[in-house]
Structure formats: C-alpha cells, structure tokens
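Encoded as structure tokens, the structure appears first; notes follow it.
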Amino acid sequence: MSLPGAPCAGSSILGEGGGVRPPSLVERLDSRTRVILALLFAVALVTGSDVTLLTVGLGLALILALLARLPVVRTLRRMLVLEGFMLVVLALLPFSIPGRVVAEVLGFAASAEGLTRAAQITLKANAITVAVFALLGTLEVVALGRALARLGAPERLVHLFLFTVRYLDVLDREYRRLRLAMRARAFRPATGPHCWCSIGYLFGMLMVRSLERAERIDAAMRCRGFTGRFPCLHEEAESGPGALDWGVGAASTAAVTLLLVMG
Amino acid sequence: MTSLVRLDGVTFAYDPARPVLDRVDFTLAAGERVALNGPNGIGKTTLLHLMVGLVLPQAGCIHAFGRERRCEKDFVEVRARAGLLFQDADDQLFCPTVAEDVAFGPLNLGKSKAEARRIVHATLESLGLAGLEERVTHTLSGGQRRLVSLAAVLAMAPEVLLLDEPTNALDEPTRARLLEILGDLPQAMVIVSHDRDVIERLATRTVRLEAGGRLS
C-alpha cells in the first residue's frame, strides 16, 4: 500500500508524475498536515490587511513553492489565469474607491485607499494560490480525498470529490469526441444562430450522456453488492503524523498566531 | 442438469407500444457457456440486465439459483452469485485505485479488509495483473481496464458470469489473453458477442435473439 501523500506514479493535481527523485520536504509531510497548513495559511492571509505582512505571506508561499520544487514554467502558466483577473482589479480599484487623490489619469482620480486595496487583494490572491499549489497541488488527488476524509470532512462530499476526479476525464473525452465529430462535418464556431444552436446541442448531449453514464455506473455498483454505504479498504491508522509534521505544525501555528496578533 | 437462471415468458418494454423483449424463454444450465447474438438494439444487454434485476420485467417470471426473484431485495443475492461484466469498463471502474475497485464487491459482501485484500491480490495475480494493484484506474489502457473490470467481477466469486461484449474494442493480444482466461474459468456463462472466435472457442451453445422471440 502506498502511504497517502507518497509520490507514486499517480496523478497529482498539477499533473506531475512521481518519477525517481527523492521526495521534497513538502512531499514528506503527512497529507493531512498539508491540508491543514493550506487552510490555516489561507485563513490567516484573508483576515490580514497589513501590506507588509501580506508581502511576508507571499514570501512564505514562494519559499513553500521552492520546498515543494514546483515546476516553474508550468506553475507560471497556471498563474496566468489568475493574473488576468488581477489586472482588471488593479486597473479598476484605484478609480472606484473614494479617498485621498494621489494621481489623475484621463480625468479619473486614483485614490490612495484604492491603491492599497488593490495591492492587498493582489498579494492575498497570489500568496494563497502559490501556497495551495505548493501544498496541495503536489498531492495525489486520491491522497487529498483520503486526507479530507480522515480529517472528518463529510463522507458524501469526499465521495463526490473523488467521483468528480474519476469521471472528469471520461466526460472530457466524451466532449472531445463530440467536438471532433462536429469538426469532421465542417462545423466552425462563428457568431450566429446555427452555431449557438449546435453548441447548445453539444452541451445538451453531454448532459444526457453524463446522466446515462451515471445510471450505468449506479447499475454496475449495484451489481457488485452496493447498498448505499461505501466500504473502505484502507485502514484508519495507516500512518500517524511524524516528527516532521509536529514540527511544521508547531512552527506554522506560532507563525500564524504572530501574524494574527500583528495584523 | 439443473438450471441456474431461467426466464419464463419474460416481456420487457421501455416504451409499452414497442416491447424490446416479448415473452422470451431462456435457460442457463450449470456448466453451459451460451453465446447470445442478434441484431443491434434487439435487447441482448437488456436480457442480461433482467437476469440480475437491474430492470424488472412487465410480465413473466425470473428464476435464479432455485427461487423466483421478483423485487430489488431478491436480486441483491442474485447479483452476488451472477457477475455482470459491463460493455464499457469505465462504467464499472469507479474507485480511485485498482485495488479499491476490485475490493469493492468483496467488502460489500461483508468480507473483512484483510480478507478483501487477500482476494484482490489473488484475483489480480490469477489474471496476470499483479503489478496494477496501486494504479489509478483512469490511467489504465483500454485492455487493462477490461481485464481489471473482469477481476472486479471475479473477486466476488460468482457462480455465473454474464459478459456483455467482452472482446469489444480490444487489440489482438489482449483479446487472445481474455479468451484464454475465459476458457479456463469454471463458471457457467452467458456471453453477448458477435465475435466469431468467442462463439467457436468458448460457447457450448448459441442462441440468436430475433425481434421479440428467440431462435436457437
């Protein structure tokens, strides 16, 4: 049995296969420690408002990313999605929040309060994203589900999460097949009722097929004696948190307390 | 010969105006391997689903393992003794890892975790899949998926196997391996298939399903 969080040839959320390199410091942590740490970090940053402290938070997140040995290029590409949204926030906030005017662009006044708010939001969002990538993104999906279950998350939600992960790829393949079939018959996305209608059919068909698949999965489960309760093959006390987990736990609790007191 | 599963005058319709199966009689005896074929959409899969109670007939009765079975509760036991292999392995493999998926049936049957683990190990070993135990199911190849879903069915130690197009969309080596595995299994089988090899090498009897009725 592989231990939860142990890097094996599974699929982590960042899609990084295990490989032969020794586990990084973050990977050596118990998966539950990583979940709690990510949650704690996010809560601490969301409640904080001091720009200096938030910058320290971002610094910490970057250190975590280094410790987790995140692939730089792939992580940056993922961050781009967030940065696009951040740009809009950065561009709009200084002009939409009233306060002391520090600059004027094309007749619109930019306020100091708005600039501070924009900086806060950008720092928070980036720090939390990087930290989540470092702590949870390197975790195998199954291990994450199991960690949540062992931390007492509702069983149904955990199963929903694992089912989603399991069938996302099946649905995606179904979608691609339909899209390919459309393209094979010379369909090209354009603006117009024909295109909207076809896209509507595509998603409608995807829904119908998903529903049918759900029914077949349910039938297959009933065939194997499913009566509403999920058995679990893994022992509860598979591995306790190690010294490293306690150490990191203590250090991060101290840091977060400090952050909360100062912020 | 004792009959394991018997359908007497079974009628089933998704749409009452056009019944898929109309007063069908079918018997599976111990030791038999029945190849079931017929045109597409004639109700072959539905026939298998009727045998394990996934759909219930509008008329006629179903006997399985010495008793008439009528409702969902009756069929829970039937499903443990007659293993159904689905056409699409993706429908069957829903657990994150291979080991968990194969263990799902045995655990549902009330086996302990240690026993389930032993069964998983033995079943995968016997199908030559020992290395796949900790693999994540959606990363398996099509052939591996089919064999793992067969392992998941065999792990419940069924007396009867109901196979829905088992060799469909398999490459030649996997198909040959599957035929070999099936040929060595002791269970009575109903095999829905158009594959000539399956019919020639496995079947002891062929049944052709025609619109509404049945011809041997």
Side-chain angles (χ1 to χ4, degrees), chain A residues 1-4 6-13 15 17-18 140-147 149 158-174 209-210 212-238, chain B residues 45 48-49 51-55 72-73 75-114 116-117 119-120 133-139 145 149 152-153 155-156 158 162 164:
Chain A
M1 292 294 130
S2 75
L3 301 176
C8 63
S11 57
S12 66
I13 292 167
E140 217 184 304
V141 176
V142 181
L144 177 58
R146 232 172 260 147
V158 173
H159 287 306
L160 202 59
F161 171 68
L162 288 178
F163 268 101
T164 310
V165 171
R166 166 68 184 85
Y167 285 103
L168 210 55
D169 161 68
V170 175
L171 283 181
D172 183 55
R173 267 184 292 158
E174 208 124 52
R209 290 200 184 181
S210 308
E212 281 181 346
R213 189 175 286 279
E215 278 169 358
R216 290 200 303 272
I217 294 165
D218 176 61
M221 287 169 72
R222 281 197 284 145
C223 275
R224 290 198 279 156
F226 180 70
T227 47
R229 240 197 65 78
F230 280 94
C232 180
L233 184 61
H234 292 266
E235 304 295 340
E236 287 300 310
E238 198 163 29
Chain B
T45 299
L48 296 189
H49 287 194
M51 291 184 202
V52 290
L54 290 175
V55 288
E72 174 73 17
K73 225 175 79 198
F75 279 106
V76 170
E77 191 208 337
V78 176
R79 289 181 202 138
R81 298 174 70 177
L84 173 60
L85 185 74
F86 280 64
Q87 225 176 84
D88 186 348
D90 266 324
D91 295 339
Q92 215 156 349
L93 303 177
F94 69 94
C95 291
T97 66
V98 170
E100 282 170 301
D101 215 288
V102 177
F104 181 71
L107 288 173
N108 282 330
L109 296 180
K111 299 266 193 285
S112 75
K113 286 178 189 188
R117 215 164 281 193
I119 293 172
V120 168
E133 215 161 298
E134 282 308 314
R135 283 282 294 277
V136 174
T137 40
H138 72 257
T139 62
R145 275 175 215 213
S149 59
V153 170
M156 297 176 77
L162 308 173
D164 199 351

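Note that these values count all heavy atoms, side chains included, but never hydrogens, waters or copies made by symmetry.
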Please check this pair: side chain of A:Arg224 against backbone of B:Asp101, looking for a donor-acceptor N/O pair closer than 3.5 Å. yes
If I measure from the heavy atoms of chain A, does B:Leu109 come under 4.5 Å with its side chain, its backbone, both, or neither? neither
Taking the side chain as everything from C-beta on, heavy atoms only, tell me whether B:Leu85 gets closer than 4.5 Å to B:Ser149. yes
Donor-acceptor pair, B:Asn108 side chain versus B:Phe104 backbone, under 3.5 Å? yes
Stepwise side-chain contact (heavy atoms from CB on, under 4.5 Å) check, A:Val165 with A:Leu144: CA-CA 11 Å; A:Val165 171; A:Leu144 177 58; over 6 Å; no
Which one, B:Asp90, B:Leu54, B:Leu84, leads in non-hydrogen pairs under 4.5 Å with chain A? B:Asp90
Under 4.5 Å from any heavy atom of chain A - which part of B:Phe94: both
Residue selection (most heavy-atom pairs with chain A, distance under 4.5 Å) from B:Val120, B:Asp88, B:Val52: B:Asp88
B:Ala152 versus chain A, the contacting section by heavy-atom distance below 4.5 Å: both
Strictly distance-based, threshold 3.5 Å: is any side-chain N or O of B:Gln92 a donor or acceptor partner for the main-chain N or O of B:Arg145? no
Interchain contact, B:Glu77 with chain A, by part (heavy-atom threshold 4.5 Å): neither
Below 4.5 Å, heavy atoms only, C-beta onward: do B:Arg79 and A:Phe226 meet side chain to side chain? no
Measuring heavy-atom distances to chain A, does B:Leu93 have an atom under 4.5 Å in its side chain, in its backbone, in both, or in neither? both
